[in-house]
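One structure below.
Chain naming here is simple, since letters A, B, ... match the order of the sequence lines and numbering starts at 1 in each. No experiment lies behind these values; they were computed from the predicted model shown.
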Number of protein chains: 2
Amino acid sequence: MARREATRAAILQAAWDLAHEVGLTGFSLRELAGRVGMRAPSLYEYFDGKDAIYDAMFAAGSREFLAAIRGALGGDVTDPRSALRAAMHAFLDFATSDPVRFQLLFQRSIAGWEPSADAYAPAVEAYELSRTSLAAHGISGRRRLDLWTALVSGLAHQQVANDPGGTRWYDLVDDAVDVFLSHVGTTTDPDAIRP
Amino acid sequence: MARREATRAAILQAAWDLAHEVGLTGFSLRELAGRVGMRAPSLYEYFDGKDAIYDAMFAAGSREFLAAIRGALGGDVTDPRSALRAAMHAFLDFATSDPVRFQLLFQRSIAGWEPSADAYAPAVEAYELSRTSLAAHGISGRRRLDLWTALVSGLAHQQVANDPGGTRWYDLVDDAVDVFLSHVGTTTDPDAIRP
DNA sequence: GTCTATACTGTGATAGAC
DNA sequence: GTCTATCACAGTATAGAC
């Protein structure tokens with residue numbers, strides 16, 4: 001029934017609103033229910049509990065992340081430098097445009113909660129997409145990819161944590177890509193650098 | 001009185017034990033009190049509440065972090081490469097040797113809680129120490145330092161989050177230092193690269 | 001199928017007796 | 001100082017009204 005899905009969507013929207021206002025764990029089910037004109041127990045008709053609501057939020061964020069990465073890699077850029085810059089910019093844009101969502105997706109900030117495999121799947125697909133895209137530009141090897149992910153996540157983490165709303169680490173993206181590419185250029189055999 | 005400080009220390013040790021067993025937010029004050037042979041309200045004689053306990057844990061971890069950085073930078077190494085490697089290794093060692101402590105110090109993982117300025121002070125001093133140490137090796141400029149912190153925190157974060165107990169990103173430290181130094185070598189004017 | 005009232009357990013925190 | 005008792009609030013389970 002469409003009615004049920006509409007109510008689920010309304011609950012999720014209210015949950016995102018509350019998360020932006022008081023933090024991911026700063027609201028109770030009674031508050032959330034109040035936002036959609038219900039009492040707390042009624043929420044259990046639509047979600048199995050608060051964790052299930054977090055999981056649905058994670059799933060939505062995960063799909064948005066995949067879309068963002070897909071959009072950044074889907075252009076018709078041909079040179080590696082432009083492709084890497086687009087990918088890294090997309091990640092930083094995604095992180096800074098909604099720090100709460102970034103926190104939910106990429107930091108383990110909810111006590112004792114972990115996303116389900118289903119909710120996580122799009123994020124995994126986004127990683128695989130990045131991997132194949134880098135490979136298409138001749139960049140492969142686990143060590144190189146790991147250095148790449150460390151660079152990307154490091155910039156995003158520092159930006160969100162230490163300069164929210166600013167561009168202090170965002171402005172380093174082009175430098176970071178240059179640095180990474182010069183590393184790739186000087187190490188030919190992907191995984192045999194330090195065996 | 002020494003008795004009071006001894007009890008405080010016993011409570012903190014029990015808190016660390018519990019944090020390692022069930023996570024930073026996975027234990028209650030009743031459990032914690034039980035570990036030291038008390039009832040929960042008695043803890044309030046020694047700490048103002050759970051947040052104050054987290055703050056004392058943060059302060060201890062912060063001091064340990066400063067000691068680790070001081071130890072890494074205090075050697076008599078003269079060349080920048082060795083110094084940077086020592087610093088980065090120290091950070092990764094610190095992160096992997098106690099992921100719970102790392103989580104408390106470097107990830108905002110406790111809902112609505114922030115460390116006090118006093119508890120944070122040693123961490124600030126560690127950052128300043130790194131900054132002056134890099135400057136002593138001719139590496140200065142906010143952009144370069146920001147790229148350095150992004151690299152360090154990115155490697156540590158990825159290691160702890162995606163390969164706990166392993167060395168997948170730990171093994172990239174030397175590469176990361178090489179990459180960073182080649183960047184430093186190709187950009188002469190620190191902060192005027194992209195004004 | 002939706003929603004409510006009610007209540008159970010556990011939490012951090014407080015008040016006051018001893 | 002340490003206790004018991006209690007509070008307000010949390011997430012959640014159940015029973016039942018419509």
Are the side chain of B:Ser116 and the backbone of B:Ala119 linked by a donor-acceptor contact shorter than 3.5 Å? yes
Expressed in angstrom and rounded to an integer, what is the separation of [X] atom [atom1] from [N] atom [atom2]?
X       : N      : atom1 : atom2 : result
B:Arg8  : D:dT2  : CZ    : P     : 14 Å
B:Arg39 : C:dA15 : CZ    : C1'   : 18 Å
A:Asp48 : D:dT12 : CG    : P     : 10 Å
B:Phe47 : D:dT2  : CZ    : C1'   : 17 Å
B:Lys50 : C:dT11 : NZ    : C1'   : 8 Å
B:Glu45 : C:dG12 : CD    : C1'   : 16 Å
A:Tyr46 : C:dG1  : OH    : P     : 12 Å
A:Leu24 : D:dG11 : CG    : P     : 14 Å

Name the orientation class of the two ring planes belonging to A:Phe65 and A:Phe106 (parallel below 30°, tilted from 30 to 60°, perpendicular beyond 60°).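 Judged by the thresholds at 30° and 60°, the geometry between A:Phe65 and A:Phe106 is perpendicular.
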Using OP1 and OP2 only, check whether a side-chain N or O of [X] sits under 4.0 Å from [N].
X       : N      : result
A:Tyr44 : C:dC3  : no
B:Ser28 : C:dT11 : yes
A:Arg30 : D:dC9  : no
A:Ser42 : C:dT4  : yes

Heavy-atom side-chain proximity of B:Trp169 to A:Thr149 below 4.5 angstrom: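 Side-chain contact under 4.5 Å: yes.
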B:Asp174 side, atom CG; B:Arg81 side, atom CZ - distance, nearest 0.5 Å: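 The CZ atom of B:Arg81 is 9.5 Å from CG of B:Asp174, to the nearest 0.5 Å.
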If you check every side-chain atom of A:Arg4, which of C:dT2, D:dT4, D:dT12 has the closest atom? C:dT2
One thing to verify: whether A:Asp175 and B:Arg143 come together as a salt bridge, which I'm taking to mean a side-chain N less than 4.0 angstrom from a carboxylate O.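 Salt bridge: yes.
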With sugar-phosphate meaning primed atoms plus P, OP1 and OP2, does B:Phe27 contact a base, only sugar-phosphate, or nothing at under 4.0 Å between heavy atoms? sugar-phosphate
Between A:Pro41 and A:Glu31, who's closer to the 5' end of DNA chain D by nearest nucleotide? A:Glu31
